[in-house]
*Asks:* 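Sharing a structure below in structure tokens format, with a few things to ask.
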Amino acid sequence: ELSSSGTMDFYLYQPARELIDSRPVVLVDDICDSGTTFRAVTERLKRDYEPGVLLSCSLIWREGAGFTPDFHGFHYNGGEFLVGYGLGAGEHYRELEDIIILEQCGE
């Protein structure tokens with residue numbers, strides 16, 4: 001069964017303070033599935049910088065994610081693994097033109 005790793009690793013990328021401090025920042029992700037990414041990045045930005053406004057946006061928000069983005073394109077309350085339109089299982093299925101349930105790919 002496929003699932004998110006549930007872990008977040010930060011690498012050496014550190015934006016310059018003048019790009020974030022006192023400025024509006026919008027975090028954008030393809031899917032808010034577990035909420036791990038949004039929570040980790042939000043906490044890191046608030047700890048290391050002083051954004052003027054910090055908002056979040058995702059294409060898909062899964063109900064029960066533990067984090068609700070400020071904006072989302074679609075709400076999904078199923079538990080299936082979604083792929084396509086940039087969402088992948090490993091590095092597979094990202095090129096699909098539609099978002100579908102992985103089982104529909106024959107997995």
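For this chain, numbers begin at 1 and follow the sequence in order. Predicted, not measured: the structure shown is a model, and the values here were computed from it.
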*Asks:* Quick check for you: to the nearest 0.5 Å, what is the distance between Arg94 atom CZ and Glu91 atom CD?
*Replies:*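 That separation rounds to 4.5 Å.
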*Asks:* Once you round to the nearest 0.5 Å, how far does CG of Leu82 lie from CD1 of Ile101?
*Replies:*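 Rounded to the nearest 0.5 Å, the CG-CD1 separation comes out at 6.5 Å.
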*Asks:* Using a 3.5 Å cut-off and no angle test, enumerate the donor-acceptor pairs between side-chain atoms of residues 17-28 and protein atoms at least two apart in sequence or in another chain.
*Replies:*
unit_1, atom_1, unit_2, atom_2, d
Arg17, NE, Asp21, OD2, 2.8
Arg17, NH1, Asp48, O, 2.6
Arg17, NH2, Asp21, OD1, 3.4
Arg17, NH2, Asp21, OD2, 3.1
Arg17, NH2, Asp48, O, 3.4
Asp21, OD1, Glu50, N, 2.8

*Asks:* Would you check if Cys57 and Pro69 make a side-chain contact, meaning some heavy-atom pair closer than 4.5 Å?
*Replies:*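 Cys57 vs Pro69: side chains apart.
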*Asks:* When you group the ILVMFWY residues by side-chain heavy-atom contacts below 4.5 Å and let the links chain together, are Trp61 and Phe81 in the same group?
*Replies:*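 Result: no, two separate clusters.
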*Asks:* Indicate yes or no: at least one non-hydrogen side-chain atom of Phe71 is less than 4.5 angstrom from one of Ser58.
*Replies:*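 No, every pair of side-chain atoms sits at 4.5 Å or beyond.
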*Asks:* If you look only at pairs with a residue in residues 60-82, which of them pass as a salt bridge (charged side-chain N to carboxylate O under 4.0 Å, His left out), with sequence neighbours excluded?
*Replies:*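 Every salt bridge (charged side-chain N to carboxylate O under 4.0 Å, His left out) pair that includes a residue of residues 60-82, provided the two are not neighbours, is Asp33-Arg62.
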*Asks:* Side-chain contact test, heavy atoms from C-beta onward, threshold under 4.5 Å: evaluate it for Ile60 versus Leu87 and give yes or no.
*Replies:*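 When only atoms from C-beta onward are counted, Leu87 and Ile60 do touch, with a gap below 4.5 Å.
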*Asks:* Check whether any side-chain heavy atom of Ile31 lies under 4.5 Å from a side-chain heavy atom of Tyr76, and answer yes or no.
*Replies:*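 Side chain of Ile31 against side chain of Tyr76, heavy atoms only: no contact under 4.5 Å found.
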*Asks:* Is the shortest heavy-atom distance from the side chain of Pro51 to the side chain of Tyr49 under 4.5 Å?
*Replies:*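 Sidechains of Tyr49 and Pro51: in contact.
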*Asks:* With a 4.5 Å heavy-atom cut-off, do Val83 and Leu96 have their side chains touching?
*Replies:*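 In contact.
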*Asks:* Just so I know, are the side chains of Ser34 and Phe67 near enough to count as touching, which here means a heavy-atom distance under 4.5 Å?
*Replies:*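 A side-chain contact under 4.5 Å is absent here.
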*Asks:* For a side-chain contact (heavy atoms from CB on, under 4.5 Å) check, start with the C-alpha distance between Ile100 and Tyr93, then their side-chain angles and the critical distance, and finish with the verdict.
*Replies:* CA-CA 10 Å; Ile100 62 173; Tyr93 309 113; over 6 Å; no
